2 protein chains.
Amino acid sequence: METRSTSGGQRRGGRGARERILQAAATLFYEEGIHATGVARLVETAGVSTRTFYQHFPTKTALVEEYLRGYEAGLARRIEQKLTREGLTPRDQLLALFTMVAEASSGPAGGPSNRGCPLHNAAVEAAGQMPDIRALVQGNKEGIIRQLTDIAAQAGAADPERLGRQLAVLLEGATAMSTSLDSSRPRQDALDAARLLIELSLPKPQPTP
Amino acid sequence: METRSTSGGQRRGGRGARERILQAAATLFYEEGIHATGVARLVETAGVSTRTFYQHFPTKTALVEEYLRGYEAGLARRIEQKLTREGLTPRDQLLALFTMVAEASSGPAGGPSNRGCPLHNAAVEAAGQMPDIRALVQGNKEGIIRQLTDIAAQAGAADPERLGRQLAVLLEGATAMSTSLDSSRPRQDALDAARLLIELSLPKPQPTP
DNA sequence: CAAGAAGTATAGCGATCACTTTACTTTGGC
DNA sequence: GCCAAAGTAAAGTGATCGCTATACTTCTTG
């Protein structure tokens, strides 16, 4: 048994209040919004006392940040898995990112609704305030653009930066329009459009050189 | 009894408290968010007493709806003006919609910030609740898609519905990514991408038939 | 001028917000 | 079996929420 007497990290004992809080946050913040979700509702859903909540998170904002970092990490992991599956060509890697958001809810876990990207939503809700959250979202989106640009370069795009930024706009539009329309269709439309843009910006794949 | 013996419309007298409230709402809801803007802040900014506020709007939500309808109307008017200017071809009309959001803040008045589309933002903030607002946003976006589809059809697109929906996703992505990145660049990227998609989906314009 | 609509100022309503405090119980390794 | 960490329950903090109530002051106009 791992009585983590060794490495630092979680204390022994406890029955995972922290994880339950983060799980509740992921669900409620995403489904009902951050401002609309009060601490009372969070602790009720997590099955945790208010005291325990504040022993794990100094403020609600701290929980929001950890919720976003958790989503970011999970997303990065899912992308990594998708891309490193048996040798996809760079071109197919680009498309794989679009099929990812097209065929699944873009949210955490298996959320069924069209609630868009948690990071973008947080940026909208943060508005002028909460500079840390704005910075976190901004950094993430810049990372997405960089990733797309890198793959576009590997695919041999004439202007990989341009293609990367264009695809990023399509990706953001897919989830945002899904929210506005409350429909999953825009995510499919984005995939279609991405196919065209990629086709247009990449050199023709030689069938047999 | 109501003495308005003459024509309906604005009442005589009064010094425009209602307009000031709507103006304050447009600024504050857009710049700082709907949930984050309290009634106290609104009446302070509008230079209006709380009493007067509630004589014009039964609830804050009612003001939100009128704010959104007002934005919607202004947007429709701006689009109308852009499109009916001296004979633009349908193809150029499509592009004109993208230059509109590319070269200006997409918000109301001359707002300088990258705060995205007020309607989409409201949908994000409304989350699960506020079904009236969700419906309003949804209706507007469907209208945008219809408008794009109509113009695409006039331009002779092979599949105008498809092009219309793809361009709508690009448009939504432009403003949404502007929010997430806090930059105006995505709106330019969307214009670039739209050019390509339009070029690809429309028959070649015959220089001299 | 009188009337009345439109406005102001301000106090207060109950509810909810994020957060704290006090007092007690469970749990698990030594 | 002891003890400290991790947990629970529940009352209470002040602040702010959306909204109402009371009382008074302009303005415009028939």
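Below, chain A is the first sequence line, B the second, and so on; all start at residue 1. The figures that follow rest on heavy atoms only: side chains count, while hydrogens, waters and symmetry mates do not. None of the values given here were measured: they were computed from a predicted structure.
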Worksheet item: D:dT20 P sits how many Å from B:Lys60 NZ, rounded?
Response: 15 Å

Fill in: Among C:dC19, D:dG7, D:dC19, the one nearest B:Tyr54 by side-chain distance
D:dC19

Item to complete: Return no unless some side-chain N or O of A:Thr52 is found under 4.0 Å from OP1 or OP2 of D:dT8.
Response: yes

Discussion item. Quick check on C:dA9: is either OP1 or OP2 less than 4.0 Å from any side-chain nitrogen or oxygen of B:Ser49?
Written reply: no

Discussion item. Using whole Å, what does the distance between atom P of nucleotide D:dA5 and atom CZ of A:Arg18 come to?
Written reply: 17 Å

Worksheet item: D:dA6 P sits how many Å from A:Glu19 CD, rounded?
Response: 13 Å

Discussion item. Using the side chain to side chain contact (heavy atoms under 4.5 Å, CB included) definition, which of the options B:Asp189, B:Asp192, B:Leu181 pairs with A:Arg165?
Written reply: B:Asp189

Fill in: Atom pair distance, as rounded to whole Å: CD in A:Glu32 and C1' in C:dT16
16 Å

Item to complete: For the side chain of B:Gln55, starting at C-beta, report the closest nucleotide among C:dG7, D:dG18, C:dC19.
Response: C:dG7

Worksheet item: Do B:Glu172 and A:Ser180 touch side chain to side chain, with heavy atoms closer than 4.5 Å?
Response: yes

Worksheet item: When the nearest nucleotide of DNA chain C is assigned to A:Thr59 and to B:Val48 on a heavy-atom basis, which residue is associated with the more 5' position?
Response: B:Val48

Discussion item. Could you check whether any side-chain heavy atom of B:Glu32 comes within less than 4.5 Å of a side-chain heavy atom of B:Arg41, counting everything from C-beta outward?
Written reply: yes

Discussion item. Rounding to an integer number of Å, can you tell me how far B:Leu28 CG sits from D:dC17 P?
Written reply: 12 Å

Worksheet item: Atom CZ of A:Arg51 and atom P of D:dT13: how far apart are they, to the nearest Å?
Response: 17 Å

Worksheet entry | Interatomic distance where CZ belongs to B:Arg41 and C1' belongs to D:dA15 [whole Å] | 17 Å

Practice prompt. Please check the phosphate of D:dG7 (OP1 and OP2 only) for any side-chain N or O of A:His56 closer than 4.0 Å.
Written response: yes

Worksheet item: Is it true that a side-chain atom of B:Arg134 and a backbone atom of A:Thr179 form a donor plus acceptor pair closer than 3.5 Å?
Response: yes

Worksheet item: Can you tell me if the side-chain N/O atoms of B:Arg20 get under 4.0 Å from OP1 or OP2 in C:dA6?
Response: no

Fill in: Exam field: side chain B:Asn121 to backbone B:Arg115, donor-acceptor pair closer than 3.5 Å
yes

Practice prompt. With heavy atoms under 4.0 Å as the rule, sort A:Thr50 into base, sugar-phosphate or nothing.
Written response: base

Practice prompt. Tell me what A:Thr37 touches on the nucleic acid: a base, only sugar-phosphate, or nothing, going by heavy atoms under 4.0 Å.
Written response: sugar-phosphate

Discussion item. Without decimals, in angstroms, what is the distance between B:Ile21 CD1 and C:dG7 C1'?
Written reply: 11 Å

